[in-house]
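Written out below as structure tokens is the structure these notes cover.
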Amino acid sequence: MDCTAFQERLDAWLDGELGDADRRALEAHAASCEACRAQMKAAKQVQDFLSHMDENISVPLSAQSAWRGAIRAEAKSQRLKRLWKSAGAVAAAVVVLVGAAALLRPQTDAALPRVAAVEADGIAMNELPVEMEECAVMEDAETTFELTLTVSDAAQAEQYVRDIAAEYEGSVTDAFDDGDARRVLAEIPAENAEEFLRAVESVGMGEPSEDFDFGEGTAYFAIHLVNQ
Amino acid sequence: MDEEKLIALASKGDAASFNALMGAHERRMYAVCLRMCGNPEDAQDCLQETMLRVYRSISGFKGQSSFATWLYRIATNTCLDELRRKKSRPSASLDGLLDEGWSPSSPEDTPEEHAVRAEQRREIRKTLSELPEEMRAAVVLRDIQGFSYDEIAAMLDVNVGTVKSRISRGREKLREKWLARAELFDKKNV
């Protein structure tokens, strides 16, 4: 094997793709040629360095929050688009059905058009804007919405919750260790509460919440962050 | 929850599943962005843009390739797009990049040799960030991330021969710098 042939086979050797005969020829040439031996050694050293280079890389916290924030915004904008689409369709259906129900019954049952609208359009209840939905009304303004999320890093998740609370014009009022978990208490203006809840749910794994009427004023949240 | 289930849920717009799915790939994706873009600030932008592109198109992933191939194709293309867009800007200083400090433990290394190794590593990082983008992508995906030639060909949308040629030329440039550093040291110490 000459130096040219050696150079040509160096990459295959690095990738472990050289047959036995070629490999032996390569090693034999390297044993007798200083320049090629240096090439072979350098090639291996560079490859070893590259293969371990990013083993222990950590993603900066700012980079971690940046993309998660962008996804939240994207998810929100996609949801709004879907809501407007379905609200438009349901509003039209309700108008039609209220009209029809008025003809059939002298007294319109308030619940009837909504239920009929849902059946007519087959739209899932939780896609409707809160005002159009019949759901649990908060009698007591101080009711706290409880949520449990499984996360890989509770400290990081808590930071996300704080960021999200600020984004929705609320704040975290308290945070403390609760056994193996972290309990985070937050107050959010009621008009932002639903969006806040959806954003927080994306921080970890948990049961998707049923829709909830947060009423007016301030919504109170108790978020249980459990380490997986 | 397994990857397939997470992909199915993420395809329906479930942000929690998307985050869990991408959480597993985040570090590796960031590493690719960092080596392609050359600095943490641009890498952060690239990572964010990649995640958005993945989120918007995941419902179109039907298992036509492995999820990793599909994912890193998007990541690499996003990096290449960003690099082309930023071409007019001067390249950021590398002084901010911390030496990640992997070094083969070699008890025979004298302090001088250890210093040379550190220089060589810095030189490699710099040279890598200066390689023509497509050559850089091939070296990053193969020698740093360990993808196969077939996977890389699919990610870069070229044939395996082209991938091998780009890697070969990239490795040669890195090797030149490595040897130049070693020679400098040898000359000083003869």
Side-chain angles (χ1 to χ4, degrees), chain A residues 7-8 10-12 14-15 17 35 38-76 78-79 81-82 149-153 160 198-208 228, chain B residues 1 13-20 22-23 26-35 40-41 43-52 54-56 100-104 117 120-121 124-125 128 139-140 142-146 148-149 164-165 167-168 171-172 174-179 182-183:
Chain A
Q7 286 293 318
E8 281 169 8
L10 200 51
D11 290 299
L14 278 172
D15 290 321
E17 285 173 2
Q39 286 281 319
M40 198 178 193
K41 186 178 171 197
K44 193 77 181 74
Q45 285 172 330
V46 171
Q47 194 191 47
D48 281 347
F49 172 56
L50 290 174
S51 70
H52 293 291
M53 197 184 204
D54 290 332
E55 241 164 18
N56 294 315
I57 205 170
S58 56
V59 185
L61 219 55
S62 60
Q64 291 188 44
S65 332
W67 74 261
R68 286 176 170 83
I71 296 299
R72 277 201 304 274
E74 182 71 14
K76 180 176 176 174
Q78 283 187 8
R79 260 199 316 277
K81 284 186 193 146
R82 278 203 302 274
L149 295 171
T150 306
V151 296
S152 52
D153 182 338
Y160 289 143
R198 289 203 204 285
V200 164
E201 281 176 334
S202 75
V203 168
M205 298 298 289
E207 289 299 311
Q228 54 186 197
Chain B
M1 204 183 286
D14 180 26
S17 298
F18 180 83
N19 284 7
M22 298 316 290
E26 187 181 16
R27 270 180 72 226
R28 210 174 176 193
M29 286 172 74
Y30 178 75
V32 169
C33 292
L34 183 62
R35 296 307 163 202
E41 292 75 29
Q44 174 172 315
D45 290 342
C46 239
L47 181 65
Q48 179 174 309
E49 182 58 27
T50 302
M51 291 297 190
L52 279 168
V54 172
Y55 184 74
R56 287 170 187 150
E100 269 108 32
W102 181 80
S103 48
R117 289 274 172 270
Q120 284 175 315
R121 290 197 304 269
I124 294 294
R125 269 193 279 270
L128 187 63
V139 173
V140 167
R142 176 74 192 152
D143 286 336
I144 300 182
Q145 293 301 333
S148 74
Y149 280 112
K164 287 194 170 179
S165 153
I167 288 173
S168 180
R171 282 172 175 169
E172 200 182 328
L174 295 173
R175 202 157 58 232
E176 262 169 41
K177 295 284 180 172
W178 185 273
L179 281 167
E183 269 166 39

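Counting heavy-atom pairs under 4.5 Å between each of A:L149, A:L14, A:V59 and chain B puts A:V59 at the top. With chain B as partner, the option from A:S58, A:A12, A:S152, A:S51 having the largest number of non-hydrogen pairs under 4.5 angstrom is A:S51.
When heavy atoms are compared at a cutoff of 4.5 Å, B:V140 does not approach chain A at all. At a 4.5 Å heavy-atom cutoff, B:K177 makes no contact with chain A through either its backbone or its side chain. Heavy atoms closer than 4.5 Å to chain A are found in the side chain of B:A20, but not in its backbone. With a 4.5 angstrom heavy-atom cutoff, B:R142 touches chain A only via side-chain atoms. Contacts between B:R171 and chain A at a heavy-atom distance below 4.5 Å involve the side chain alone, from C-beta outward. Heavy atoms closer than 4.5 Å to chain B are found nowhere in A:E8, neither backbone nor side chain.
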Give the intermediate values and the outcome of side-chain contact (heavy atoms from CB on, under 4.5 Å) for residues B:T50 and B:V32. CA-CA 11 Å; B:T50 302; B:V32 169; over 6 Å; no
Would you sort out whether A:D15 and B:K164 count as a side-chain contact (heavy atoms from CB on, under 4.5 Å), showing the intermediate values? CA-CA 10 Å; A:D15 290 321; B:K164 287 194 170 179; 5.9 Å; no
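Minimum interatomic distance between A:R68 and B:G23 (heavy atoms only, all atoms of both residues): NH2-CA, 4.4 Å.
The closest side-chain heavy-atom distance from B:R117 to A:F49 is not below 4.5 Å.
Just one of B:R35, B:R28, B:R27 meets the side chain to side chain donor-acceptor pair (under 3.5 Å) condition when paired with A:D54; it is B:R35.
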